[in-house]
Amino acid sequence: MAEKHANGVAATHGSGWMVDVSIEAKLTVNPIRQIVDSLKIEPNPAKEVIRLSIGDPTAYDNLPPSRLVSSAVSEEVESGKSNGYCLSFGSEPACAAVAEFYSTPNAPLVTGDVVLASGCSGALSLAINVLTDPGDNILIPRPGFSLYRCLAGARQVDARSYRLIPEKSWEIDLESLESLIDSKTKAIVVNNPSNPCGSVYSRQHLTAIAELAYRHRLPIISDEVYAGMAFHGTQFYSMAEVAPDQPILTCGGLAKKYLVPGWRLGWVLVQDKHNVLDKVREGLRRLSTQILGPCSLIQAALPAIIRETPQEFFDNTIRHCAEAAKLSFRLLSQVPSLSPVMPNGAMYMMVGLNIDLLVDIKDDIQFTEKLMSEESVFCLPAQCFQFPNYFRIVLSVPLEMMNVACNRIEEFCLRHQVADASNGTSNGTSNGH
């Protein structure tokens with residue numbers, strides 16, 4: 001119903017309002033959400049949906065967290081002693097436990113080097129925010145985790161993409177990386193092990209990256225949320241252990257290694273042998289006051305979680321991902337139009353598309369849409385990671401489901417294959433495994 005203002009002019013309740021959102025809100029765009037939300041996804045009702053797109057290891061209940069982890073939190077709930085606020089940058093026992101666990105002979109940590117955050121995503125936000133101002137730039141991998149670009153863009157920071165090389169197990173193209181550096185570059189983001197690639201870098205490659213960063217006096221933001229999750233005989237090395245003279249902000253968390261992504265407990269480690277990052281350490285603490293720290297219950301349980309979770313639990317997760325990688329690689333390598341790249345860690349595999357061998361499919365987005373509508377298998381188009389004509393699959397799904405999904409993908413590709421495409425060709429990049 002219309003009202004009359006004091007001047008007697010009729011108006012509706014909504015008239016005269018000019019409520020806008022902030023520039024930061026307008027600039028906050030997550031490429032995955034932007035692309036996935038625009039997909040025309042209608043599954044085939046005759047087939048059960050299999051989602052190989054979700055980077056959540058809890059999605060299918062086949063990889064539960066350790067009972068010890070759950071018990072540690074339950075005990076804190078029952079004690080009633082962890083219901084209040086902690087220090088914004090983290091409680092002393094929790095920070096001490098993280099420092100103790102992640103210290104190495106070459107890169108020792110003390111409690112004051114740890115700032116807790118709301119998940120590794122929150123840690124990455126802190127790390128990017130503490131180093132950059134509007135108009136600066138950071139260097140991020142392509143393909144790479146979409147949140148880097150989202151966080152930078154919201155701060156009016158230019159996220160410049162350096163190339164990863166699929167034929168070299170997704171190693172960084174160092175010439176591409178160095179060509180992007182200018183006076184406004186404030187940090188290099190390195191993701192190891194990688195989402196979406198599943199790559200695990202060698203000591204030699206990490207050393208080369210660190211030498212480049214050191215030469216240009218640039219700190220590294222090392223995203224190591226999948227730390228230790230390496231398989232097929234590959235060894236994981238932390239950037240700080242390999243390059244102790246290089247200033248590094250290492251971001252990690254409980255999410256993937258402990259299979260509890262919803263608990264939102266992450267950390268930034270200030271690894272700074274020569275005290276280059278003293279102001280940064282203080283800046284991180286200041287920024288942490290914006291959210292007043294992560295959940296106090298999880299912080300209280302953190303020392304027990306980190307110190308007492310048995311190695312067998314981690315080995316089981318790694319074994320599952322390794323088996324899923326071998327199974328999917330074997331099946332998808334038999335498809336002429338697909339080129340899977342064998343991963344060596346994390347929970348993902350990238351698969352290349354030879355669009356020339358497919359009929360009525362122009363790119364990875366259309367491939368994803370049609371695969372879902374015909375076979376009810378949902379993969380993530382790699383345009384989400386700035387790398388068109390690839391798609392990403394997750395390795396955490398049950399093996400039986402992975403087998404069914406890969407068979408459906410093969411049937412789909414053969415159905416859409418051009419008439420003269422060769423059969424039985426192995427197109428995968430196995431990296432010796």
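All of these numbers come straight from a predicted model, not from anything done at the bench.
- Relative to the six-membered ring of Phe89, Arg285 meets both conditions, a distance below 6.0 Å and an angle of at most 45° to the axis.
- Contact check on Arg319 versus Asp315 returns no salt bridge, with no Lys/Arg side-chain nitrogen under 4.0 Å from an Asp/Glu carboxylate oxygen.
- The line from CD1 of Ile365 to CG of Asn389 is 9.5 Å long, rounded to the nearest 0.5 Å.
- To the nearest 0.5 Å, atoms CG (Leu151) and OG (Ser121) are separated by 7.5 Å.
- Using a cutoff of 4.0 Å between basic side-chain nitrogens and carboxylate oxygens, Arg160 and Asp182 are scored as salt-bridged.
- Glu76 places no side-chain N or O within 3.5 Å of a backbone atom of Ser82 that could act as its donor or acceptor partner.
- Across every non-hydrogen atom of Gln246 and Ala210, the tightest pair is OE1-O, 3.5 Å.
- Between Trp170 and Tyr201, the distance from one ring center to the other does not fall under 6.0 angstrom.
- A distance of 4.0 Å separates CD1 of Ile140 from CZ of Arg149, quoted to the nearest 0.5 Å.
- Each ring-ring contact (aromatic ring centres under 6.0 Å, His included) pair with one or both residues in residues 103-150, not counting sequence neighbours, appears once here: Phe145-Tyr148.
- Shown here for Leu116 and Ala94, the closest heavy-atom pair between the two residues is CD1-CB, 3.8 Å.
- The distance from atom CE of Met349 to atom SG of Cys197, rounded to the nearest 0.5 Å, is 12.0 Å.
- Aromatic ring centres of Phe412 and Phe367 lie closer together than 6.0 Å.
- A donor-acceptor pair under 3.5 Å is absent between the side-chain atoms of Arg155 and the main chain of Ala152, judged by distance alone.
- The heavy-atom pair separating Leu399 from Leu327 by the smallest distance is O-CD2, 3.6 Å.
- Atom CZ in Phe101 sits 10.5 Å away from atom CG in Leu302 (nearest 0.5 Å).
- Ionic pairing of Glu374 and Arg408 is not present here: no N-O contact between side-chain nitrogen and carboxylate oxygen is shorter than 4.0 angstrom.
- With values rounded to the nearest 0.5 angstrom, His320 atom NE2 is found 8.0 Å from Glu323 atom CD.
- Of the listed residues (Arg163, Arg142, Lys168), just one forms a salt bridge (charged side-chain N to carboxylate O under 4.0 Å, His left out) with Asp173, and that residue is Arg163.
- Using a cutoff of 4.0 Å between basic side-chain nitrogens and carboxylate oxygens, Asp20 and Lys26 are scored as salt-bridged.
- Between Ala304 and Leu68, the closest heavy-atom pair is O-CD2, 3.7 Å.
- More than 12 non-hydrogen atoms from other residues, nucleotides or ligands lie less than 6.0 angstrom from CD of Gln311.
- A salt bridge does not link Glu211 to Arg215: none of the charged nitrogens lies less than 4.0 Å from a carboxylate oxygen.
- Looking at His416 and Asp360, their side chains never bring a donor and an acceptor atom within 3.5 Å of each other.
- Here the closest heavy-atom approach between residue Tyr237 and residue Asn192 is recorded as O-ND2, 3.5 Å.
- In this structure, Lys47 pairs ionically with Glu375, as a charged nitrogen and a carboxylate oxygen lie closer than 4.0 Å.
- Heavy-atom minimum distance, Cys379 versus Pro381: O-CD, 3.5 Å.
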